[in-house]
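Just so you know, these numbers use all the heavy atoms, side chains as well, and skip hydrogens, waters and symmetry mates. Quick caveat, the model's predicted, so the values are computed rather than measured.
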Amino acid sequence: MTGGHCLFGIIAWVVLYPYVRCFFKRLQCYFKVKRFCKKRNFQLEKTHCFWFLGRKCDRACDFYIVTQNDLYAVKLFAMLHRRSMLIFREDGTYFIRRFVNVMWIINSWNSKLKPLLNYGFRHKYKDEWRKKIPHNILLVNPVSMDIFRQAMNGYEEAVGLGDEIGGMKIYALSRFLSSLEE
């Protein structure tokens, strides 16, 4: 193998790895949610064929979990890089702070501000769910190392899993499923 091919392979791996990781984390999510719902006798309702590959730029929720009294409308929100922070701002936008370690020095930079979409948590809603208590869930999967909320003055505070932002409760998969058991 020539040096050019080796370099191309390394660059391709660096570029593609976050997407490959995301795909396998979402497959894990698919099987965990499906197994969890079956074990608890909850109903899993998908809103589209490949619901577990839902993207943060799609407005509709990706799936519902229906319990006896509650309806959990779930929108998937992927963080491609584990070494990053997801930061929600009070003005309805968010950005991602990435970290890179170069020779024992940690560098960070912020992505551009992006609008947090007004997600549709009633996509393919069924009439029989009207009497159930609705819960809008933003499921960060794969998850970043931290999630923060930023005030207009720039002050940042950690967001606890289950905290509400923009009318949605923020969760990672394991914490979301354990909250359903309570």
Practice task
Walk me through it: do Lys38 and Arg35 pass the test side chain to side chain contact (heavy atoms under 4.5 Å, CB included)?
Solution key: CA-CA 5 Å; Lys38 186 174 183 176; Arg35 186 172 37 247; 5.8 Å; no

Exercise for the section: Spell out, yes or no, whether Ile133 and Leu177 are grouped together once hydrophobic residues are joined by side-chain heavy atoms under 4.5 Å, including indirect joins. Expected result: no

Handout entry: Single hit among Arg97, Arg89, Arg149 for salt bridge (Lys or Arg N to Asp or Glu O under 4.0 Å) with Glu156
Key = Arg97

Handout entry: Option passing side chain to side chain contact (heavy atoms under 4.5 Å, CB included) with Tyr64 (candidates Leu44, Val74, Thr47)
Key = Thr47

Exercise for the section: Measure the spacing between CD1 of Ile96 and NZ of Lys114 and express it to the nearest 0.5 Å. Expected result: 5.0 Å

Handout entry: Side-chain ion pair, Asp70 and Lys132, N-O less than 4.0 Å
Key = no

Exercise for the section: Answer with yes or no whether the hydrophobic clustering places Ile147 together with Leu80; edges join I, L, V, M, F, W, Y residues whose side-chain heavy atoms lie under 4.5 Å apart. Expected result: no

Fill in the blank from the handout: Paired with Phe63, the ring-ring contact (aromatic ring centres under 6.0 Å, His included) test is passed by just one of Tyr30, Trp51, Phe52, Phe176, namely Trp51

Problem - Heavy-atom check, side chain of Thr93 versus side chain of Phe95, under 4.5 Å - result: no

Problem - Minimum heavy-atom distance Val66-Glu45, with the two atoms named - result: CG2-CG, 4.3 Å

Handout entry: Verdict with reasoning, Arg26 to Asn141, per side chain to side chain contact (heavy atoms under 4.5 Å, CB included)
Key = CA-CA 7 Å; Arg26 289 293 182 84; Asn141 179 271; 3.2 Å; yes

Practice task
Could you tell me which non-hydrogen atom of Leu138 sits nearest to which non-hydrogen atom of Tyr119, and how far apart they are?
Solution key: CD1-CE1, 3.9 Å

Handout entry: Residues, nucleotides or ligands: over 12 heavy atoms within 6.0 Å of Glu128 CD
Key = yes

Exercise for the section: Could you walk me through whether Gln43 and Thr67 pass side chain to side chain contact (heavy atoms under 4.5 Å, CB included), step by step? Expected result: CA-CA 7 Å; Gln43 185 180 351; Thr67 69; over 6 Å; no

Problem - Side-chain touch Met79/Val143, heavy atoms, less than 4.5 angstrom - result: no

Problem - Atom OH of Tyr19: over 12 foreign heavy atoms under 6.0 Å - result: no

Practice task
Assign the ring pair Phe77 / Phe88 to parallel, tilted or perpendicular, where the plane angle (0 to 90°) is split at 30° and 60°.
Solution key: tilted

Fill in the blank from the handout: Between Lys75 and Cys61, the two heavy atoms sitting closest are CD-CA, 4.1 Å

Fill in the blank from the handout: Of all heavy-atom pairs linking Ser144 and Ser84, the shortest is CB-O, 3.2 Å

Exercise for the section: Begin from the C-alpha positions of Met168 and Leu116 and carry the test side chain to side chain contact (heavy atoms under 4.5 Å, CB included) through to its verdict. Expected result: CA-CA 11 Å; Met168 305 172 286; Leu116 185 60; 3.7 Å; yes

